[in-house]
Amino acid sequence: MIQKCLIVSGGAAGGTFTKFVVNKKDYYIEESNFCDEEVNCHILLGNSYENSKEARSYYRNIKNNKIIPKWEHGVWNCYQQIHGKMHICYATPISPPK
């Protein structure tokens with residue numbers, strides 16, 4: 001189901017965070033800036049920092065919802081807990097080139 005949400009984001013030397021508020025529920029994503037050689041970064045997903053669990057990220061085609069191997073303009077950015085049930089996808093509006 002597609003819904004509007006409030007997004008708050010920020011970061012520091014160690015990583016970035018994104019907080020979504022959808023229907024008065026919080027979703028918190030933290031991504032480390034320190035990645036291994038295969039470009040795998042540590043990701044946490046939860047309803048708060050304290051309750052976050054390890055997660056994975058992936059992309060979906062916004063038109064057919066199929067999983068795609070890499071990011072491209074106009075895709076869903078998705079996060080899913082590895083050992084949990086939380087899952088969230090978001091897309092940002094794309095403006096045509098000027």
Is the side chain of [X] donor-acceptor paired with the backbone N or O of [Y] at a distance under 3.5 Å, no angle test?
X: Glu30; Y: Leu45; answer: no
X: Asn61; Y: Lys63; answer: yes
X: Arg60; Y: Asn65; answer: yes
X: Gln80; Y: Arg56; answer: no

Tyr27 and Val22, any side-chain heavy atoms less than 4.5 Å apart: yes
Any Ile29 side-chain heavy atom under 4.5 Å of Thr16 side chain: no
Which distance, rounded to the nearest 0.5 Å, do you find between the [atom1] of [X] and the [atom2] of [Y]?
X: Glu50; Y: Leu44; atom1: CD; atom2: CG; answer: 11.5 Å
X: Ile68; Y: Ile62; atom1: CD1; atom2: CD1; answer: 10.0 Å
X: Lys19; Y: Asp26; atom1: NZ; atom2: CG; answer: 4.0 Å
X: Ser48; Y: Tyr28; atom1: OG; atom2: OH; answer: 9.0 Å
X: Asn77; Y: Trp71; atom1: CG; atom2: CH2; answer: 8.0 Å
X: Cys89; Y: Tyr58; atom1: SG; atom2: OH; answer: 4.5 Å

Parallel, tilted or perpendicular: ring planes of Tyr90 versus Tyr79, cut at 30 and 60 degrees: parallel
Minimum heavy-atom distance between Gly46 and Ser52, given as atom pair plus value: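 Result for this residue pair: N-OG, 3.7 Å.
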Distance-minimising heavy-atom pair for His83 and Lys53: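 Heavy atoms only, the tightest pair is O-CD, 3.3 Å.
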